[in-house]
Amino acid sequence: MKQTPESSDLEIDIEALEQKYAEERRKRLRADGLNQYAPLEGKFADFAKDPHADPTLKRDPVAEEIDVAIIGGGFSGLLVGCRLRQAGTEDVRIIEKGADFGGTWYWNRYPGAACDVESYIYMPLLEELSYIPTEKYARAAEIHDHCRRIGERFGLYEKALFQTTVTQAAWDADRCRWIVRTDRGDTLAARFLVSCIGVLSTPKLPGIPGIAGFSGHAFHTSRWDYAYTGGDANGGMTGLEDKVVGIIGTGATGIQCTPYLARSAKHLFVIQRTPSSIDARGNRPTDPDWVQELKPGWAQERRDNFTAVTSGANASRDLVNDGWTTLFQTLMGTGGDAATTPPTPEALRLAEMRKMEETRQKIDSIVHDPDTAAALKPYYHYMCKRPGFSDDYLDTFNRDNVTLLDTAGRGVERITAKGIVVNGEEYPLDCLIFATGFAFMTDFTKEAGFDIVGEGGQPLSRHWAEGARTLYGMQTHGFPNFMLISYVQSGASINYVHIADEQALHIAHIVTTCLDRGIAAIQPTEQAEAGWVNEVLESSAQRRAFLETCTPGIYNFEGKRGRAQQLNDLYNGNPMDYLARLRTWREAGTLQGMETR
Ligand code: NDP
């Protein structure tokens, strides 16, 4: 139901709530900030193993010259490949760590994995591929199949190098080529290098004391061990029938897999540090009558409409009309009557406070045990953390075989050989699952796992040591013919794939223009880059101030934001304006702000 600020008359005490929010924030602030997490390497390397790959795969190393090397075969890499092919650039190779395309959807196959951004706008190229998703919110397997469909349709499988990890990329100024090396001994000399390593692709573990000493079975959700649990993404995990299972993490992933674990495990402990806000998801099968009515161009129109609506446009129509769009209209004072009479900042603040209070009250109406219900209530502003959408997560806590272990913001105290220690008590476990997320906009080369060496032998790790510097989030001075798709300094939408696809078009335009015009090397001028960096900083001032009031989490770099993190931020201006600007730049055809040779 659409809710405008005026439609709710819920009584709330704003000052008391602000104090409570600040208190909850203080409880969670830690001196180690982002350093509380450990990557899946060294003693945790086993956690990173690919359960879907062929461990016996052997192939001869590839040595060749090509036009474009793309690192990463998730949606962004596939879209760059597709847009390049459409623009007439054929000589393209994707290098991918996994054994297939898919990226996020290759790795995340945990039970219940799905996308809570509507499938009709999230899954790209639907019209080009004549494909209509089967449900409003598609499950992981269907999205993964769609990734494969793109790979097949655009001939990207032919030259893909799977189960292959890039170890180094260095600019050869004499040849105007990137020399890309891999862990399988390949050496590619590419005119252009495009990094599409993903924005949530480096799993992280919490640095909980004793974590390496657990003697039971343990894995990260992005490497789900079905060999141990049995079953599949639809549940039926018979291997857990006699097992006591603990899951650490109650973010978007934890919310999706917890109900499935509860249905399979003998007993499930859900270990919570900060509760998520939970809104209704309301999934439903695709209506064939609706499909019949679709007109050419519908997918682009719907996708644009969603990004416009969720970024504050007074759109006359809300085509997606789901939790995201209705909530954003409430919080931004757009939509409904508010579109003609803009609400005051006070009214908006009240609407946001009421929205969170309604979320908390809804928990009381679903969860029977009052202590559990109280512990599940989120006390922070909406969008401090990524909101969750689920129709069965909260009800899971009414099951006899499920216990919420709330850590009152402190997290798991210790992990022992037998289990976990929470609030001074040890809970023995057979299996411990880490739904503890991924590195997010931290340090590009650390997340990539390799360095990129640009002009004059300067590594990107050094160039960006004080924070990223880019033009439009896609190119950086000193690194000719290198382009990337990430969130850093890039326009942003709740629908990540929307922006990635437009950036893919942009990258394909630059590459094809250079190849057509015989341009050997292209990079942004220092001046153009500095201008964009300033715009990024200015655009994020308001969001920065907001995030400083938030509970620690991935959006505010765990509450410890330095200069580098300010620069590693999104471009917080209007994303539709950002996309229009890219389009105007391409249409001008003058390569403005670039130096070429
Ligand atoms: P998150 O980073 O969102 O969540 C990690 C969880 O682990 C948090 O609940 C965190 O608590 C908890 N945690 C971390 N350390 C400890 C500790 N020491 N003790 C106890 N708990 C701990 O990861 P997710 O994988 O859930 O989600 C990552 C992102 O992936 C999302 O933001 C979203 O963008 C994307 N995603 C999208 C989906 C979709 O449907 N589109 C589905 C799933 C994921 P705390 O909150 O206190 O830090």
Side-chain angles (χ1 to χ4, degrees), residues 24-25 27-30 32-38 75 103-105 107-110 112-119 121-123 137-140 143 198-211 220-224 246-258 269-277 281 283 322-324 376 378-380 383-390 393 404-415 420-423 432-442 487 492-497 550-559:
E24 292 293 324
R25 175 176 191 272
K27 272 192 211 168
R28 290 169 173 82
L29 278 175
R30 300 166 51 129
D32 50 3
L34 285 170
N35 293 331
Q36 69 184 280
Y37 292 106
F75 270 135
T104 289
W105 304 104
W107 295 107
N108 287 282
R109 305 188 194 193
Y110 56 83
C115 186
D116 57 21
V117 175
E118 196 200 56
S119 58
I121 56 163
Y122 178 76
M123 288 161 70
Y137 301 100
R139 284 154 219 257
I143 307 175
V199 288
L200 287 157
S201 51
T202 311
K204 59 185 168 55
L205 291 175
I208 300 168
I211 183 171
H220 189 276
T221 47
S222 68
R223 306 286 188 273
W224 196 273
I247 178 166
I248 301 182
T250 54
T253 301
I255 291 165
Q256 288 186 339
C257 60
T258 289
F269 289 103
V270 180
I271 301 124
Q272 171 184 273
R273 190 165 67 175
T274 310
S276 285
S277 66
R281 195 160 81 111
N283 199 10
D322 71 352
W324 288 111
L376 284 166
Y379 283 96
Y380 46 78
M383 285 307 285
C384 274
K385 284 196 172 285
R386 201 229 192 240
F389 296 88
S390 173
Y393 176 72
L404 176 71
L405 291 182
D406 179 51
T407 66
R410 290 186 298 270
V412 175
E413 235 165 86
R414 247 172 331 118
I415 295 181
I420 49 161
V421 179
V422 169
N423 304 329
L432 180 55
I433 299 169
F434 291 96
T436 48
F438 306 84
F440 184 63
M441 300 175 77
T442 53
Y487 264 141
S493 165
I494 301 286
N495 182 10
Y496 169 72
V497 177
C550 283
T551 42
I554 56 173
Y555 287 172
N556 65 0
F557 303 94
E558 301 299 334

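Here the structure is a predicted model, which is why all the values come from computation and not from measurement. Numbering of ligands and ligand atoms starts at 1, following listing order.
- Residues Met441 and Phe557 come closest through the heavy atom pair O-CE2, 3.0 Å.
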Give every pair made of an N or O atom of ligand 1 and a protein N or O atom lying under 3.5 Å apart, one pair per line with both atom names and the distance to 0.1 Å, or write 'none'.
residue  : atom   : partner : partner atom : Å
ligand 1 : 9 (O)  : Thr250  : N            : 3.0
ligand 1 : 9 (O)  : Gly251  : N            : 3.4
ligand 1 : 19 (N) : Val412  : N            : 3.2
ligand 1 : 25 (O) : Thr253  : OG1          : 2.6
ligand 1 : 26 (O) : Ala252  : N            : 3.1
ligand 1 : 26 (O) : Thr253  : N            : 2.9
ligand 1 : 26 (O) : Thr253  : OG1          : 3.4
ligand 1 : 34 (O) : Arg386  : NE           : 3.4
ligand 1 : 40 (O) : Ala114  : O            : 3.2
ligand 1 : 40 (O) : Asp116  : N            : 2.8
ligand 1 : 40 (O) : Asp116  : OD1          : 3.1
ligand 1 : 40 (O) : Asp116  : OD2          : 3.4
ligand 1 : 40 (O) : Gln256  : NE2          : 3.4
ligand 1 : 41 (N) : Asp116  : OD1          : 3.1
ligand 1 : 41 (N) : Arg386  : NH2          : 3.2
ligand 1 : 46 (O) : Lys385  : NZ           : 2.8
ligand 1 : 47 (O) : Arg273  : NE           : 2.9
ligand 1 : 47 (O) : Thr274  : OG1          : 2.6
ligand 1 : 48 (O) : Arg273  : NH2          : 2.9

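- Between Trp324 and Phe389, the two ring planes are tilted [angle within 30° to 60°].
- Checking side-chain atoms of Thr436 against main-chain N and O of Lys204 turns up a donor-acceptor pair under 3.5 Å.
- Atom CZ of Arg386 sits in a crowded spot, with more than 12 heavy atoms from other residues, nucleotides or ligands closer than 6.0 Å.
- In this structure a side-chain-to-backbone donor-acceptor pair under 3.5 Å is missing from Arg139 to Ala114.
- Note on ring orientation: taking the six-membered ring where Trp is involved, the planes of Phe440 and Tyr487 are perpendicular (angle over 60°, cut-offs 30° and 60°).
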